[in-house]
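To start, the structure under review is shown below, and the notes come after it.
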Amino acid sequence: MSKTNPGNFFEDFRIGQVLRHATPRTATIGDVALYQGLFGSRFAVQSSDAFARAIGYAAAPLDDLLTFHIVFGKTVPDISLNAIANLGYAGGRFLAPVFPGDTLSTVSEVIGLKENSNGKTGVVYVRSTGYKEDGTEVLDYVRWVMVRKRDESAPAPEAFVPVLPKALPIDSLGDAVPFLDRDGWDDALAGSPHRFGAYAVGERIDHVDGMTIEEAEHQIATRLYQNTAKVHFNQFAERQGRNGRRIVYGGYVISLARSLTFNGLGNAFHVAAINGGRHVNPTFAGDTIFAWSEVLEAGLIPGRDDVGALRIRTVATKDRPCADFPDRLEGGEYDPSVVLDLDYWVLLPR
Amino acid sequence: MSKTNPGNFFEDFRIGQVLRHATPRTATIGDVALYQGLFGSRFAVQSSDAFARAIGYAAAPLDDLLTFHIVFGKTVPDISLNAIANLGYAGGRFLAPVFPGDTLSTVSEVIGLKENSNGKTGVVYVRSTGYKEDGTEVLDYVRWVMVRKRDESAPAPEAFVPVLPKALPIDSLGDAVPFLDRDGWDDALAGSPHRFGAYAVGERIDHVDGMTIEEAEHQIATRLYQNTAKVHFNQFAERQGRNGRRIVYGGYVISLARSLTFNGLGNAFHVAAINGGRHVNPTFAGDTIFAWSEVLEAGLIPGRDDVGALRIRTVATKDRPCADFPDRLEGGEYDPSVVLDLDYWVLLPR
Amino acid sequence: MSKTNPGNFFEDFRIGQVLRHATPRTATIGDVALYQGLFGSRFAVQSSDAFARAIGYAAAPLDDLLTFHIVFGKTVPDISLNAIANLGYAGGRFLAPVFPGDTLSTVSEVIGLKENSNGKTGVVYVRSTGYKEDGTEVLDYVRWVMVRKRDESAPAPEAFVPVLPKALPIDSLGDAVPFLDRDGWDDALAGSPHRFGAYAVGERIDHVDGMTIEEAEHQIATRLYQNTAKVHFNQFAERQGRNGRRIVYGGYVISLARSLTFNGLGNAFHVAAINGGRHVNPTFAGDTIFAWSEVLEAGLIPGRDDVGALRIRTVATKDRPCADFPDRLEGGEYDPSVVLDLDYWVLLPR
């Protein structure tokens with residue numbers, strides 16, 4: 001019997017199954033520096049211990065998406081090694097701040113299964129939860145992936161598709177943020193005069209800047225997260241594949257888009273939830289990523305007068321500036337330049 | 001009104017104006033590692049806590065140029081987002097050692113303005129100062145940039161061009177270096193037998209080695225510094241521009257040249273001042289950088305018997321070894337291979 | 001006289017000569033993060049402080065090969081700057097765990113010399129030892145390199161070729177590993193159910209995955225180690241050379257192969273010794289590296305019931321999957337895809 005990991009196939013999953021994933025990972029200021037070098041983020045809370053302390057954090061927390069990628073990466077060898085497609089995310093909530101020195105690990109539970117009518121594949125729904133070493137939950141989210149069957153004659157399981165929220169309710173947000181001392185918030189240092197109250201529902205923002213991705217960059221990021229999906233690393237195999245080249249990890253594009261949003265959303269210091277996301281088209285090295293955002297909702301978190309929440313939709317494109325907000329076309333299809341459509345909550349100081 | 005940063009145009013600046021720049025940044029050993037991986041520096045003081053402690057530092061300080069780039073990067077969104085050219089640096093002084101854990105921020109003051117005769121652009125002179133979170137000044141320097149006007153019909157301000165020193169006086173150097181315990185300085189570990197006294201004014205050194213720049217490398221460095229100048233990152237836009245490709249941040253070439261100077265100036269452990277610098281030609285990914293140096297002056301700092309100062313001119317070239325010291329040609333123009341002409345003070349143990 | 005380092009030529013070496021190398025280097029969690037980003041290692045002990053502490057380490061130790069590369073890099077300017085070929089390694093032993101914060105330096109002793117019959121070159125054997133700042137030995141190993149003579153008429157030294165062990169004896173292993181608390185070892189978190197007893201001598205494992213190398217990646221790694229060998233960095237010079245391009249540092253391939261072995265050897269958490277290694281063919285950017293391993297020996301370390309030792313031979317290839325274990329061909333030559341043949345000891349929990 002082989003000692004290498006064959007991954008799980010569709011018939012290996014069952015509802016209620018719990019998978020404790022390898023490899024625990026201590027997040028460090030080394031990771032923070034590398035993430036900074038890859039994405040160029042400028043949100044002051046994550047960039048400066050002094051700024052973070054002035055508003056009530058113990059230190060600069062990790063970028064929320066760095067936490068997301070580390071927690072996510074661990075699930076790949078068990079959940080999506082035999083996946084054909086990552087179909088979606090829902091209900092992602094950041095539950096506690098993560099600081100350099102915290103060790104992260106991930107546990108997933110299978111919450112839905114549905115074999116496809118072709119009998120060759122099925123959709124697996126998992127809720128994955130990231131923990132610190134002391135058991136503190138830092139993140140949970142649902143994703144669903146289309147996974148190959150090992151044996152096409154294996155019987156289909158009883159189909160169960162979980163009901164997933166279209167968006168997290170506003171009163172579930174904010175657990176990863178201490179009560180802020182707003183007197184400590186310095187707009188000049190933060191880089192934006194626009195606090196929560198300055199944004200209106202329906203407002204659209206072109207984030208202007210574009211950033212080109214290199215092979216070395218997305219490979220370094222994806223290995224940093226210990227994400228082992230083969231399509232990101234193996235040019236020998238991909239040369240013969242559908243695209244002829246390596247695909248950039250979808251989470252790389254999410255981080256790049258988030259970083260671009262600083263120009264227009266500079267005080268949106270915290271991603272509180274990921275309501276949903278679609279990787280509309282694959283991204284490759286050499287592509288230049290642009291982004292625009294729309295404010296979908298705005299609201300206050302009960303019991304908190306320090307921050308407000310904006311529900312944002314960010315659309316990222318490749319090789320196409322976003323001054324005219326490229327989006328779905330009349331027929332419902334996306335403009336072919338669109339690579340990402342992400343729905344999430346951010347917090348801003350009031 | 002747009003929430004994205006349009007940057008300042010020439011008519012937005014006025015003499016005496018003070019700009020507090022975003023984003024404060026805690027420098028860490030993560031940044032140090034990445035800087036090491038990008039430039040391969042071998043100066044022992046910055047590489048080894050043990051070496052640094054043996055001579056009187058509390059720990060290995062940051063590479064001076066890493067401090068420079070972080071302090072500089074913050075000025076870009078406010079000063080040079082609409083710049084056509086970075087014209088020069090002067091009077092740069094390192095004022096205190098910076099250690100991992102220090103949070104850096106930058107404030108600039110406009111000290112000169114002069115509209116160009118074409119009425120479309122003007123030159124802005126700023127003195128930028130980098131601070132630690134406790135207010136300690138770590139660096140100040142002047143740079144001047146040519147900036148576009150938003151409205152060509154805007155009236156020209158009264159012209160004022162500051163008088164700038166050609167070089168820092170020797171008695172202004174050394175504040176960023178504690179008094180060294182020279183008994184702790186180990187030439188073998190430092191990698192050079194040549195201390196201050198071994199160098200003669202007029203001496204030229206070919207640094208021999210060459211290093212090729214990759215797109216991923218300069219992008220990672222420039223994002224690490226939170227420098228947002230668009231020309232370094234956006235291949236989609238640059239493809240249609242004058243050069244057809246991204247330009248390497250000039251400071252990247254400065255760091256690479258400094259790293260190459262180790263071979264010949266191994267004990268020149270500290271950059272004490274940047275007297276002036278010119279980016280003579282643009283550098284692109286794929287270029288291989290070489291460097292040579294000339295000793296312009298040598299002197300002692302009043303009150304210090306531990307170190308001596310050399311004023312060095314380092315010339316960096318692309319795709320041209322420097323055994324014959326490529327320089328200005330007879331007509332005063334530079335040899336076309338030259339990309340950098342930098343005048344600075346370094347300290348060496350006596 | 002030139003102040004740049006000309007390196008040593010064959011006639012500069014003598015038996016018994018001791019070389020204290022520059023530059024001491026404090027290894028940090030920054031280096032760990034960058035190493036992680038470059039190689040994507042998933043061994044839990046080095047990835048997680050919490051995992052490491054649960055089994056008896058004070059914290060997550062450095063990856064053994066990161067230690068090796070830092071210790072090795074220092075020897076290049078003195079030993080192999082004028083080398084034509086790195087001929088082999090032997091007798092490499094890891095002697096103490098290295099943790100972030102430790103400062104590493106290297107001393108080498110010349111233990112063998114043999115001029116080649118052409119009178120132009122000779123072979124130099126050195127034993128290099130890596131130390132912490134408190135004098136703790138962390139690694140020693142022998143390597144031999146073919147070095148140019150400066151002056152072909154220089155007389156040949158008396159030839160002395162040291163007797164080198166084919167493999168380290170099993171009772172010399174394990175000094176770099178504390179006695180493990182096996183109750184703390186969590187197979188799920190470690191990512192493999194296969195402990196020491198699951199492996200049989202003669203067993204072969206195809207590690208399945210492939211990883212493509214980019215220029216930026218190997219340059220960043222090699223500079224991180226302060227390895228100054230010119231062939232890795234200077235495309236201008238190499239364009240005119242034998243290969244027309246930069247060569248990837250052999251140690252980069254070793255680290256990549258080691259990282260690939262996780263898939264099949266996930267509990268082999270520690271490289272205890274490097275018995276020997278050959279870089280069979282050069283590796284270039286763009287190559288995709290695959291690997292397979294064979295268990296050569298298995299044994300217990302006297303006095304230790306916590307771990308067992310496997311002597312592993314790992315063969316790495318480029319642009320060739322290893323399902324059929326490409327190896328030496330019938331005539332004794334290697335399959336042309338083979339780039340590395342490495343013989344080493346690893347430890348696994350029992």
Side-chain angles (χ1 to χ4, degrees), chain B residues 28-44 47-54 59-60 100 186-194 198-199 203 205-217 219-220 259 262-266 286-290 318-321, chain C residues 1-6 19-35 37-38 70 73-74 77-78 81 100-107 132-134 214-230 232-239 245-246 285:
Chain B
T28 71
I29 51 177
D31 301 312
V32 170
L34 200 37
Y35 192 86
Q36 176 64 48
L38 291 165
F39 301 107
S41 183
R42 290 183 285 144
F43 294 99
S47 174
S48 166
D49 284 332
F51 191 98
R53 286 188 186 121
D186 182 321
D187 288 335
L189 290 182
S192 169
H194 308 295
Y199 293 86
E203 182 174 356
I205 300 166
D206 167 24
H207 300 300
V208 179
D209 306 311
M211 198 162 277
T212 306
I213 301 171
E214 301 295 323
E215 296 281 12
E217 294 169 354
Q219 291 199 145
I220 290 172
S259 179
F262 180 86
N263 196 3
L265 285 164
D287 290 344
T288 301
I289 302 298
F290 297 86
K318 60 180 181 185
D319 293 343
R320 177 147 171 4
Chain C
M1 192 199 134
S2 169
K3 290 197 173 66
T4 53
N5 175 25
L19 300 105
R20 295 177 61 239
H21 305 295
T23 303
R25 173 94 152 74
T26 303
T28 71
I29 51 177
D31 301 312
V32 170
L34 200 36
Y35 192 86
L38 291 165
I70 292 176
K74 299 182 192 328
D78 297 322
L81 209 63
D102 286 337
T103 298
L104 300 175
S105 57
T106 310
V107 174
K132 297 192 193 188
E133 70 271 34
D134 67 0
E214 300 296 322
E215 297 280 12
E217 292 168 355
H218 76 84
Q219 291 198 145
I220 290 173
T222 311
R223 284 184 298 235
L224 192 71
Y225 315 142
Q226 298 173 313
N227 178 330
T228 60
K230 296 161 193 284
H232 309 315
F233 301 114
N234 185 332
Q235 179 59 22
F236 177 82
E238 294 307 312
R239 191 180 292 134
R245 50 199 164 147
R246 287 160 277 178

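Below, chain A is the first sequence line, B the second, and so on; all start at residue 1. Treat the numbers as computed from the prediction; the structure is a model and nothing was measured.
Within the 3.5 Å criterion, the main-chain N or O of B:Ser41 finds a donor-acceptor partner in the side chain of C:Gln226. Without hydrogens or angle criteria, B:Thr212 side chain to C:Gln235 main chain gives a donor-acceptor distance under 3.5 Å. Checked by atom type and distance alone, the side chain of C:Arg25 never pairs as donor or acceptor with a backbone atom of B:Ser47 at under 3.5 Å. With C:Asn5 contributing its side chain and B:Asn263 its backbone, the two residues share no donor-acceptor pair below 3.5 Å. Distance alone, capped at 3.5 Å, places no donor-acceptor pair between the B:Glu217 side chain and the C:Ile220 backbone. Side-chain atoms of C:Thr26 come within 3.5 Å of backbone N or O of B:Asp49 as a donor-acceptor pair.
Here the closest heavy-atom approach between residue C:Ala22 and residue B:Leu189 is recorded as CB-O, 3.1 Å. Nearest heavy-atom pair across B:Ser48 and C:Pro24 is CB-O, 3.4 Å. Considering every non-hydrogen atom in both B:Arg42 and C:Pro77, the closest pair reads NH1-CG, 4.0 Å. Nearest approach of C:Glu133 to B:Ala50, heavy atoms of both residues: CB-CB, 3.8 Å.
Legend: residues meeting ring-ring contact (aromatic ring centres under 6.0 Å, His included) with B:Phe290, ordered by chain and number and at least two apart, are C:Phe236. Residues forming a side-chain contact (heavy atoms from CB on, under 4.5 Å) with B:Asp206 (at least two apart in sequence, or on another chain): B:Val208, B:Cys322, B:Ala323, B:Phe325.
Ranked by non-hydrogen atom pairs under 4.5 Å with chain C, the options B:Phe43, B:Tyr199, B:Phe51 are led by B:Tyr199. The residue among B:Ala188, B:Pro193, B:Gly191 with the most heavy atom pairs within less than 4.5 Å of chain C is B:Ala188. Of the listed residues (C:Pro100, C:Gly101, C:Gly30), the one with the most heavy-atom contacts under 4.5 Å to chain B is C:Gly30. For the set C:His232, C:Arg246, C:His21, C:Lys74, the entry with the most heavy-atom pairs within less than 4.5 Å of chain B is C:Arg246.
Taking a cutoff of 4.0 Å between a charged side-chain nitrogen and a carboxylate oxygen, C:Lys3 and B:Glu203 qualify as a salt bridge.
In this structure, OG1 on C:Thr228 lies 9.5 Å from CZ on B:Phe262, to the nearest 0.5 angstrom. Expressed to the nearest 0.5 Å, how far CD1 of C:Ile29 lies from OG1 of B:Thr28 amounts to 7.5 Å. Separation of atoms CD (B:Glu215) and CD (C:Glu214) is listed at 12.5 Å; rounding is to 0.5 Å.
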Review point. Does the pair C:Leu34 and B:Leu34 meet the rule for a side-chain contact (heavy atoms from CB on, under 4.5 Å), with working shown?
Key: CA-CA 7 Å; C:Leu34 200 36; B:Leu34 200 37; 3.9 Å; yes
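Within the 4.5 angstrom heavy-atom criterion, atoms from both the backbone and the side chain of B:Ala44 approach chain C. With a 4.5 angstrom heavy-atom cutoff, B:Ile205 touches chain C only via side-chain atoms. Neither the backbone nor the side chain of B:Ala52 comes within less than 4.5 Å of any heavy atom of chain C.
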